[in-house]
Amino acid sequence: MMKLKLTFLSLFIAALSHAQVKQVKIDRINQMADLPKPLQIIDWKAMALNFDRTIYDFNAKGKYWPMVWMDSTGKNFKQPVMGMYTAVGDVRQGAAHNKGMFHEALANMGSVLGATLVGLDKSNQQGLNYVGMLKNYFNKDTGWDIMMNNTAPEVALLGGGYGRDWWYDVYPNVLFYAIYDKYPAAPDFEMMARSIAEKFYKADSILNGNYNYSYFDYGKMKPMSTQICAQPDAAAGHAYVLYAAYKKFGDPRYLKGAISAMKALESQKINPTYELLMPFGAYLAARMNAEQGTAFDIQKMLNWTFDGTAVCREGWGFLVGNWNGFDISGTVGSTVDHGGYAFLMNTFDAAWPLVPLVRYQPKYANAIGKWMLNAVNASRFFYPQYMPEEHQTLPDFAEVTKGVIAYEGFAKSSTFDTLYQSLKAPVAQGDGPKWVPGQNPEVSQFSVYGSGHAGIFGGIVKETEIKGILGLDLLATDFYRQRAYPTWLFYNPYGTGKTINFKTPAKGKSDVYDLISQRFIAKNVSSGTKVQIPPLQSVVLVCVPAGKKSKVKNKQLSVDGIVLDYQYKP
């Protein structure tokens, strides 16, 4: 028995001694549970596939169903486009209301991206091209010539965008570029991508480092100020699109614009976080530092992302806490509204940039690994089948969701002035009834558009054989990246060392490199290898074809010209 203990101890000490990349902590994440409770990781890939199968059914039966219809108004392109409800039963939507024109790019594009990330081809699904339909959101009829949240301004005031919130005008273009990376041959997409990049480049030139505006009129090419406070984190969205355009088209102007926008973002004196663009700024800081030799302050942007110290959108950030036995940490939204109000879509979408950030700057592996465990665990509580009935506003209506539509969010206490006040935290609910008071039904608290983004988790997250240790795919949402070998982050949330079975690609033999210890931990592996992870630590494993020679140049370790490690220290 003593010999066994010594053997384990020696393995443990060896594992610790191999740690080379010193991990940097993020204060907000330090406040999250090491091992959230109750712990249950649902199958997010299955959730995304079920969402797609259930929602994209024009013949679905049941009250408030189907959730989709065809809009034949032909805005921007003379073709029909599928409309999707933003929330269940929204009275403004459907074929019979507003000429069938009111549907949102955040729903349509988010669900196309989510489905694609879990392996579906949305350009040819039962004879329909849902990717091609997205062209209708490219607002050429208005002269804006970028992707917008609606197909036309006639219905814009019903939802976000068109000078109401800058992020609503920018984010559809971020979504578009991600989808374009997955469908590079889609007709007209290159024209649209170039137009968007030109508009964003010119806008950045006009703004000239000052993004302190409510929105930008991309038709008149003028920054605008309204009663809505300034949203300078739009610079992160501009930078993301411009850097993607640079990687796609190679035009050095786009790189110049991306750097300019990032400098404008970094120069802010107070936390400029507004909705969901700041995590893209943190990701770009890490990636551009690695690829372009810039020196953007990643820590500053990560703190802005997580802390909940936003001023314009007061308290916007990442929630922490245990509410009546439920760890809700890691979800994203307001940290102050009714004690905290988390939103599903924001939580899903934060993973898109923050997870691949680790590949470019591995010193954040522990922080991002711990955050993701909390976020992935807590996000099931948005769904009625996973939240206890006594914590839901509408438990008796759960059947209408068919198991694939979640509440828009959950709050520490009901955000309705007089309704659901007896419910204890966390309270699963949504804002739909407030959008059209007295008309939108209670069930509009169920969020179709947020639920459509489940594929972001589905494409990134897999479970290991050890409960609570997740495998996070660092390539899944790293769009327009250089060639890369499969790379996975595993964080151990336990106070003792754990050993996982790491499976390598089925074809051929692999060498396994760890970005944290900065060494090859296994050679010539045919199917997998056991990997020990020290307590509360991470490994970031890269699978390389076996037997290849590595090379170090400009502090980057590469194999066959493909970078393994951007921060290599021998």
Side-chain angles (χ1 to χ4, degrees), residues 20-24 26 174 177 181 197 200-201 204-205 207-209 211 233 235-268 277-305 352-365 367-368 474-475 477-485 487 489 513-516 518 540 542 544 550-570:
Q20 186 162 346
V21 175
K22 185 177 180 182
Q23 295 295 292
V24 175
I26 297 173
V174 175
Y177 257 87
D181 185 50
F200 279 23
Y201 174 72
D204 177 79
S205 301
L207 291 161
N208 194 27
Y211 275 74
D233 65 339
H238 270 184
Y240 184 88
V241 166
L242 287 168
Y243 195 65
Y246 168 68
K247 300 298 282 188
K248 177 67 177 178
F249 301 119
D251 189 328
R253 294 179 306 136
Y254 300 153
L255 174 60
K256 177 185 174 184
I259 292 172
S260 168
M262 285 294 289
K263 285 180 177 178
L265 180 68
E266 188 179 50
S267 70
Q268 293 295 311
L277 291 172
M278 186 56 70
F280 292 91
Y283 160 78
L284 280 174
R287 181 171 174 181
M288 293 173 74
N289 288 357
E291 291 184 343
Q292 305 299 332
T294 52
F296 293 117
D297 191 338
I298 307 169
Q299 186 78 22
K300 181 182 192 178
M301 295 187 196
L302 283 171
N303 288 338
W304 279 345
T305 294
W352 162 0
L354 291 176
V355 171
L357 176 154
V358 174
R359 194 165 77 88
Y360 301 102
Q361 188 44 273
K363 67 183 182 181
Y364 293 107
I368 298 302
L474 301 194
L475 302 187
T477 55
D478 191 12
F479 302 113
Y480 300 95
R481 58 174 166 76
Q482 295 170 191
R483 290 174 63 207
Y485 296 112
T487 309
L489 163 62
Y513 180 82
D514 175 26
L515 280 173
I516 305 302
Q518 296 194 300
V540 180
V542 188
V544 184
S550 57
K551 178 181 177 181
V552 179
K553 183 179 180 181
N554 298 328
K555 298 182 180 179
Q556 295 183 355
L557 176 68
S558 61
V559 171
D560 270 0
I562 299 174
V563 178
L564 297 189
D565 190 337
Y566 287 94
Q567 317 288 338
Y568 185 66
K569 292 180 182 178

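Because the structure is predicted, anything quoted here is derived from the model rather than measured.
The main-chain N or O of I516 is never found under 3.5 Å from a side-chain atom of Q20 such that the two would form a donor-acceptor pair. Of the possible donor and acceptor atoms, none in the side chain of S260 sits under 3.5 Å from a partner among the backbone N and O of K256. Proximity of a side-chain donor or acceptor of T477 to a complementary backbone N or O of L475 within less than 3.5 Å is not detected.
More than 12 heavy atoms of other residues, nucleotides or ligands lie within 6.0 Å of NZ in K300, so this atom counts as buried by the packing criterion.
For E291, the side chain to side chain donor-acceptor pair (under 3.5 Å) partners are Y243, K247, R287, not counting sequence neighbours. For the ring-ring contact (aromatic ring centres under 6.0 Å, His included) test, residues two or more places apart in sequence or in another chain that qualify with F200 are Y218, H238. The ring-ring contact (aromatic ring centres under 6.0 Å, His included) test applied to Y566 returns Y360, not counting sequence neighbours. Residues satisfying the ring-ring contact (aromatic ring centres under 6.0 Å, His included) criterion with Y254, sequence neighbours excluded, are absent altogether. The ring-ring contact (aromatic ring centres under 6.0 Å, His included) check on Y568 picks up nothing, with sequence neighbours excluded.
Under the ring pair (Phe, Tyr, Trp, His ring centres under 6.0 Å) rule, F479 has a single partner from Y240, F280, W352, which is W352.
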Start with the C-alpha distance between L357 and L302, add both sets of side-chain angles, then the distance that settles side chain to side chain contact (heavy atoms under 4.5 Å, CB included), and finish with yes or no. CA-CA 10 Å; L357 176 154; L302 283 171; 4.1 Å; yes
Mind running side chain to side chain contact (heavy atoms under 4.5 Å, CB included) on K363 and K22 for me, showing each step along the way? CA-CA 6 Å; K363 67 183 182 181; K22 185 177 180 182; over 6 Å; no
Using side chain to side chain contact (heavy atoms under 4.5 Å, CB included), reason through D233 and W304 one step at a time and then give a plain yes or no. CA-CA 10 Å; D233 65 339; W304 279 345; over 6 Å; no
Could you go step by step and tell me if M262 and L284 meet the side chain to side chain contact (heavy atoms under 4.5 Å, CB included) rule? CA-CA 8 Å; M262 285 294 289; L284 280 174; 3.9 Å; yes
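No side-chain N or O of D251 forms a donor-acceptor pair with one of Y201 less than 3.5 Å apart. Side-chain atoms of D478 and Y283 include a donor-acceptor pair closer than 3.5 Å.
Contact of the V355 side chain with the L474 side chain is registered, since non-hydrogen atoms from C-beta on lie closer than 4.5 Å. A heavy-atom distance below 4.5 Å is found between the side chains of Q518 and Y513. Using a 4.5 Å heavy-atom cutoff, the side chains of F296 and K263 are in contact.
Here Q299 contributes atom CD and M301 contributes atom CE; the two are 12.0 Å apart, rounded to the nearest 0.5 Å.
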Only distances under 3.5 Å count here; give the side-chain donor-acceptor pairs of residues 554-564 to other protein atoms, sequence neighbours excluded, each with its distance to 0.1 Å.
from	atom 1	to	atom 2	distance (Å)
Q556	NE2	A290	O	3.2
D560	OD2	K548	NZ	3.4

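Here the closest non-hydrogen pair linking A236 and G281 is CB-N, 3.7 Å.
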